[in-house]
Each structure stands twice: as C-alpha cells, then as structure tokens.
Peer 1: 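First, the structure itself, so that you have it in front of you.
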Amino acid sequence: MPGLRSDQWYSGDDRNAYIHRAWMRRGVPGNAFEGRPQIAIANTASDLTPCNMHLGEVAQSVKNGIYEAGGIPLELPVVSLGETQVRPTAMLWRNMAAMATEEMLRANPIDGVVLLGGCDKTIPSLLMAAASVDLPALVVPGGPMLTGHFKGRPLGCGTDVWRLSEEVRAGTLSQEEFVQSESATIRSKGHCNTMGTASTMGLLAEALGMVIPGTAGIPAPDSRLLEASHGAGRMAVEMVREGRKPSDVLSAGSFRNAIVALAAIGGSTNAVVHLLAIAGRLGIDLSLEDFDRIGSRVPLLVDLLPAGRFLMDDLYRAGGLLAVLRQVEDLLDPEALTVDGRSLVSHLEGNEIWDREVIRPREDAMLQEGGIAVLTGNLAPAGAVIKPAAASPHLLKHRGRAVVFDSIEDFHARVDDPDLDIDADSVMVLRGCGPKGYPGMPEVSNMPLPTKLLEQGVRDVVRICDGRMSGTAYGTVILHVAPEAAAGGPLGLVRTGDWIELDVEGRTLRVDLPDEELAARAPSPEAVAAFAAPTRGWERLYVDHVLQADTGADLDFLVGSSGPDVSRESH
Ligand code: FES
C-alpha cells in the first residue's frame with residue numbers, strides 16, 4: 001500500500017502529530033493511526049432534505065464495512081440540498097455545496113471518501129467535489145422511494161403532481177381530491193421514484209463507474225441497500241490501498257457510457273448540465289454536441305415516468321441498470337473502469353431482463369433514438385436541449401408565433417389573463433431563468449399551459465426557456481438555451497408575435513428574423529429590469545462567475561482540480 005495521506009497528520013512523535021492524534025482519541029482503537037486508511041463518509045443526510053433523511057442508517061452500514069476492512073470511518077456532514085425545500089432553487093447552491101465539500105475533503109486528514117447522496121443536486125455536487133480533490137472515492141446512491149398509490153393508481157412523485165394540478169385547472173379533478181392525494185405521494189424513505197434527476201444521477205454515477213456495479217437504484221427501504229453500503233465501506237478501504245482515484249476511474253469513455261445510459265433509461269435533461277460540470281472538474285473534453293452525437297443512436301429501453309409508465313422500484317425488480325446496459329453493450333466503451341478496478345462491461349454478463357414491459361429488449365425498444373437532442377440556430381447559438389421522448393411527436397417540427405414572458409413572475413401574472421393572445425400553435429418563450437438571470441437556473445421551463453388552452457383540450461405547446469426543467473416533467477420543452485437572455489443571448493431579443501421555427505430532426509431552433517433585425521434590437525426594458533444582479537454573498541459570487549449551461553454552469557474558478565495536497569500547517 002502506498003503511504004497514507006493521513007500520515008501527514010498522524011505519524012511521528014512531534015507536537016503536531018500529538019495534537020492531531022490526541023483530539024481524535026475518543027474511543028477509537030489504539031492502533032487507529034498506525035497505517036489504517038482514514039475514510040470520510042461525506043453525508044448529505046438532513047431533516048431538511050427529506051429524500052436523504054435515511055442516510056444516517058446507510059452511513060452506519062458503510063462504517064461497519066470500513067471497520068471490517070481495517071479502515072477508520074469518519075462521518076463528515078456536508079452541505080445538503082432538498083430539491084423541494086430550498087429557495088430560490090437548489091441549483092443556485094450546487095456549486096456552493098461542491099466547493100464546500102471539496103475544501104473539507106482536502107482540509108481533513110482523510111485517505112478516501114464514501115459519498116452519500118440522493119436528492120437531485122447532492123450526487124452531482126459530491127462527484128464534482130471528489131473529482132477536484134481526487135482522493136479515492138465512490139458513491140452510495142440513497143435509492144428511490146417505494147411507489148405510492150391514489151385511488152388504485154400508482155403515483156409518480158413529481159410527474160403526477162404536475163398532472164394532477166393540471167387536471168384541477170382543467171376542471172377534471174376536484175381540489176379536495178387533489179389535496180387527498182398529497183399523503184399518498186411519498187410512501188417511504190428515498191428520493192423521487194420517477195426517472196427524475198435523482199434517479200438519473202444515481203444510475204449515471206454507476207454508469208460512470210463511481211458506484212459498485214448493480215447497486216444504484218436499489219429502493220431506499222430495501223435491505224439490499226444496507227448490504228451494498230457495507231460493501232461500499234470495504235471498497236473504499238481497498239481503493240485507498242490500491243491508490244485508485246477518480247482520475248483513474250473516470251475517463252472520456254466513462255462519460256460516453258453515461259451518455260449511452262442516459263439515453264437508454266430516458267433520463268433527466270438535468271444530467272446534461274451535471275455531467276458537463278463533472279467532466280470539467282477532470283479536464284475531460286466533453287461538449288454538448290457529444291450528447292447528441294453519442295446519445296442519439298441509443299434506443300430508449302426503460303418505460304418509466306415521466307416518458308413512460310413504470311417507476312423506479314419496477315426498474316430494479318426488472319433487472320436494474322446492468323440489465324439495461326447489457327442490451328446496448330456494443331455502444332459502451334469496453335475499457336471504462338469502475339471503482340473495483342474492472343471494466344463496466346465486464347459486469348454485464350448474466351444480467352437478464354425479468355420484466356420486458358419495464359425494460360424493453362433492444363429489438364422492442366420504446367424508441368430507436370432515445371437520446372437528448374441538441375438544437376442550435378439564431379435563437380440558441382451555443383445550443384439548447386430537448387428530450388424528444390417526453391415531447392409531443394406532432395410538435396417536433398413546428399412554426400408558431402412567440403408569446404414572450406420576461407420572468408417567471410411575469411409569466412404567473414399573465415398566463416391566465418383572458419386577454420392573453422395565445423392558441424395551440426403559439427410558442428411560449430420564458431427568459432430571465434438562466435444561471436445568471438434568475439440567478440441559479442431554476443426548473444421552470446415546463447411552463448403550465450394557460451387555463452383557456454387546457455379547457456380547449458390542449459395538453460402541450462412548444463415552450464422555450466433559458467432555465468431547466470424538472471426531470472419528472474414532460475412536454476415539448478426546449479431548455480438550457482445558451483447564451484441565456486441575461487448574458488446577452490438572442491432569447492432576450494425576441495418579441496411577442498415573432499415567428500419561431502423548431503425542427504428537432506434538423507436540430508435547429510430559429511426566430512424568423514434577418515440577422516440585421518436581431519442585431520438592431522435591444523433587450524426589452526422589462527427583461528433588463530427583471531435581471532437585478534445581487535449585491536452581496538454567494539449570489540453575488542455566483543452571478544459574477546457562473547458559466548453558461550452549455551458548459552455545465554460551474555463557476556469559472558472551480559473548473560479543474562486542485563488535488564488533495566495541503567502544503568501549510570497552522571500549529
Ligand atoms: Fe428529492 Fe425529487 S425532491 S429527489
């Protein structure tokens with residue numbers, strides 16, 4: 001085993017080593033500092049992150065595994081983000097969580113880390129941090145909740161909230177029934193059970209190689225999660241002994257595998273931003289175009305909400321991610337590794353599909369091209385994304401008149417105005433929702449439709465936004481438009497009544513205006529007024545340094561790695 005990093009704190013007989021050891025001697029074994037790997041458990045458990053509340057129990061199993069393998073477990077609570085609770089949007093704090101976790105991993109006497117996450121931003125922030133510190137690391141995804149039911153129907157949390165609330169607005173569900181469904185939505189511990197961002201990022205962490213293969217997607221209450229957690233503790237010790245770091249595990253091929261997995265599972269569009277940010281920390285050249293180039297050939301195999309019918313515990317009983325990946329093995333990078341030092345593809349043999357309704361065999365794919373499409377054109381010079389599997393087929397090629405909203409507040413104020421000039425062919429445009437503009441790039445792109453359209457039976461129109469969309473949402477929504485309006489992007493120049501052209505097959509998004517007309521326009525005074533740059537604190541730092549969505553919306557000074565070294569000592 002190579003020399004331990006923690007020896008820099010604990011070995012020797014001088015005053016500094018004395019101080020470091022003495023304060024840690026609180027019941028640990030006497031030989032705790034004699035060459036035993038010190039393993040942090042970076043834990044995002046929090047009562048205010050309900051999807052991660054159970055991670056204390058998970059941490060206990062991880063600790064048992066670390067002890068059993070000869071290491072010393074050290075729980076390290078890190079910044080946690082509850083997607084449904086944190087205002088104005090959890091994405092504003094992803095980079096802060098990543099930065100704080102990175103610094104605490106580097107600052108402390110640890111040799112490796114087990115990362116415990118679940119709710120949407122937690123696994124991305126942990127992976128960004130681990131990539132920048134580059135100590136041996138692996139993820140234990142906290143797992144999805146069990147399926148709740150209402151009136152005999154399974155409820156997909158997130159997705160069915162949108163559906164039920166739209167039904168109330170359309171007059172097909174009473175307000176009383178809507179409130180009744182609330183207590184049925186969250187049946188157990190765990191994160192959202194649809195193929196939302198949390199499910200997606202847990203599975204993609206495994207596709208990247210950063211999870212013990214076969215363990216992402218285990219439902220949170222399933223006892224196999226604790227067994228997997230025990231194994232993760234043992235694995236962390238092994239990784240330290242063998243010097244296996246994120247920069248050894250994660251390669252361009254790992255990201256290829258994640259993109260293939262993202263398409264095959266019909267994962268969240270948010271994964272695009274998160275994977276770009278993680279790759280940026282590793283210096284891996286990954287671009288928005290790679291998602292289209294690699295992902296567009298990949299069949300959609302998983303029939304889960306929001307694009308399909310089933311939920312996450314169905315996916316696990318049907319065979320889980322490895323059964324899905326086995327169907328597309330030829331599209332995967334055969335060399336890309338996992339945390340155990342073996343290739344991902346070496347884990348695929350024997351993984352059968354146990355329910356062919358939930359996981360489709362490749363020859364019976366839900367869609368032959370399930371990936372995320374990347375659009376460019378004079379409305380999105382640096383790109384925008386759409387998830388065709390969640391869109392209405394008849395709208396994938398469309399020309400319609402823009403109805404523009406300058407901010408989410410402007411949208412709420414006018415969407416149900418009876419005088420709003422909008423019809424089923426209109427294109428709803430919402431700006432001021434990008435990384436800088438909101439700030440924090442909230443999940444508002446799937447704008448609810450005006451009540452008058454719902455009453456006419458319209459259930460989808462083309463929507464365009466510089467923000468994000470919940471992974472549990474659906475519709476013909478073009479999002480992550482870059483550059484955003486607040487960064488001078490042309491989305492800020494569109495006016496109500498302009499004609500917008502969408503061609504998903506042709507990968508274009510245009511406003512039908514000559515270049516000279518666009519160049520001559522200034523942003524609307526309302527759009528400028530809606531962007532009031534914060535004056536202090538994290539929001540100020542964020543707005544001054546955040547990058548655009550097409551490169552992952554990380555902060556410019558956080559891209560890359562600083563490694564694990566700390567050269568100075570305060571004692
Ligand atoms: Fe936490 Fe959906 S709110 S995963």
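Start at 1 and go down the list; that is how both ligands and their atoms are numbered. Since the model is a prediction, treat every value here as computed from it, not as a measurement.
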Peer 1: Taking only residues two or more places apart in sequence, or in another chain, which ones meet Thr197 in a side chain to side chain donor-acceptor pair (under 3.5 Å)?
Peer 2: Ser268, Asn270

Peer 1: Decide, yes or no, whether a salt bridge links Glu103 with Arg106 under the criterion of side-chain N to carboxylate O below 4.0 Å.
Peer 2: yes

Peer 1: What protein N/O/S atoms sit under 2.8 Å from atom 2 (Fe) of ligand 1, by chain and number?
Peer 2: Cys192 SG

Peer 1: For Asp554, check side chain to side chain donor-acceptor pair (under 3.5 Å) against everything at least two apart and list the hits.
Peer 2: Arg281

Peer 1: If you measure only the distance, is there a donor-acceptor pair under 3.5 Å linking the side chains of Asn52 and His191?
Peer 2: no

Peer 1: For residues 48-58, pull every pair meeting salt bridge (charged side-chain N to carboxylate O under 4.0 Å, His left out), keeping only residues two or more places apart or in separate chains.
Peer 2: Glu57-Lys189

Peer 1: Below 4.0 angstrom, N of the basic side chain to O of the carboxylate: do Lys121 and Glu83 qualify?
Peer 2: yes

